[in-house]
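Note that this is a predicted model, so its numbers are computed, not measured.
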Amino acid sequence: MKKAWHKGSVIIVGLTGSIGMGKSETARMFRAAGIPVFDSDAEVHRLMGPGGKAVPLVEQEFPGVAGEQGIDRKELGRRVFGDDAALKKLESILHPMIARERNLFVRHMRLQGHRIVVVDVPLLFETGGDRAVDYTVVVSAPALIQKSRVMARPGMTEERLRAILEKQMPDVEKRRRADFVVQSGLGKRHARNQVNRIIRILEEEANA
């Protein structure tokens, strides 16, 4: 463990996991236990939704993707899918904005007296975000379960899944780097017990 936390601050936990591993459900378990969670995906939707701060900047780089409801995510997806240069342009707009909002969230939670905060970041290790947190939690499941979950999503194809996985760090490497691993393939009760164990460990650290 990093033990980067010190008294008067807040323990920042980076929650991540590859597509279909159960990260969103795990985030809900942390919330249910009273731990504040910053949802990076939800923040992206807000930034690119109606009146979102990212809308004019994204429209400037990708003309024609903005409308009354903000950014047309399907059209934007068509523009950047399979185009690394376009994706990097989009990330250069969104990542700094998300980082600012995440920092504001953590500061606000600390002022409210919270001792532990979770930041839900899909590409935590891939973007180097693990360097900005005190502990990392990786949500994992067997490959067959992962594929079954993802392929059940509307519009998902084998090709699209392969392309997504190619951009993500292998699950085995994420688990190797993690401070904690939540195995989501054995049911919600099992996963919830693991989450509660992690919280107990971090609470002990916060009170040390």
If you round to the nearest 0.5 Å, how far is CG of Asp120 from CG of Leu15?
5.0 Å
Any heavy-atom pair between the side chains of Phe38 and Ile98 that's under 4.5 Å?
yes
With the threshold set at 4.0 Å, does a side-chain nitrogen-carboxylate oxygen contact exist between Glu75 and Arg79?
yes
Lys23 with Asp39: basic N within carboxylate O range, under 4.0 Å
no
If you count every heavy atom of other residues, nucleotides or ligands that lies below 6.0 Å from Leu144 atom CG, does the total exceed 12?
no
Tell me whether Glu158 is salt-bridged to Lys147, with the criterion being a basic N under 4.0 Å from an acidic carboxylate O.
yes
So does Glu25 pair up with Arg149, basic N to acidic O under 4.0 Å?
no
Taken to the nearest 0.5 Å, the spacing of Phe180 CZ from Leu202 CG works out to 5.0 Å
Report yes if the side chains of Gln194 and Gln183 come closer than 4.5 Å at any heavy-atom pair, otherwise no.
yes
Give a yes or no on this: more than 12 heavy atoms of other residues, nucleotides or ligands lie within 6.0 Å of atom CZ of Arg197.
no
Please determine whether side-chain contact (heavy atoms from CB on, under 4.5 Å) holds for the pair Phe30 and Ile116, giving the CA-CA distance in whole Å, both sets of side-chain angles, and the decisive distance to 0.1 Å.
CA-CA 10 Å; Phe30 275 103; Ile116 303 168; over 6 Å; no
Show the nearest heavy-atom pair for residues Met48 and Leu76, with the distance to one decimal.
SD-CD2, 3.9 Å
Do Thr16 and Lys174 have a side chain donor and acceptor closer than 3.5 Å?
no
Check: Asp171/Ser18 side-chain N/O donor and acceptor closer than 3.5 Å:
no
One thing to verify: whether Arg200 and Glu204 come together as a salt bridge, which I'm taking to mean a side-chain N less than 4.0 angstrom from a carboxylate O.
no
Should Ile201 and Ile11 be regarded as members of a common hydrophobic cluster, given that ILVMFWY residues are connected when their side-chain heavy atoms come within less than 4.5 Å of each other, either directly or indirectly?
yes
Looking at every heavy atom in both Arg115 and Ala206, which two are closest together, and how far apart are they?
NH2-O, 2.7 Å
Would you say NE2 of His108 has more than 12 non-hydrogen atoms from neighbouring residues, nucleotides or ligands within 6.0 angstrom?
no
Close side-chain approach of Val138 and Phe125, heavy atoms under 4.5 Å
yes
Should we say atom CD of Glu159 is surrounded by more than 12 heavy atoms from elsewhere, each under 6.0 Å from it?
no
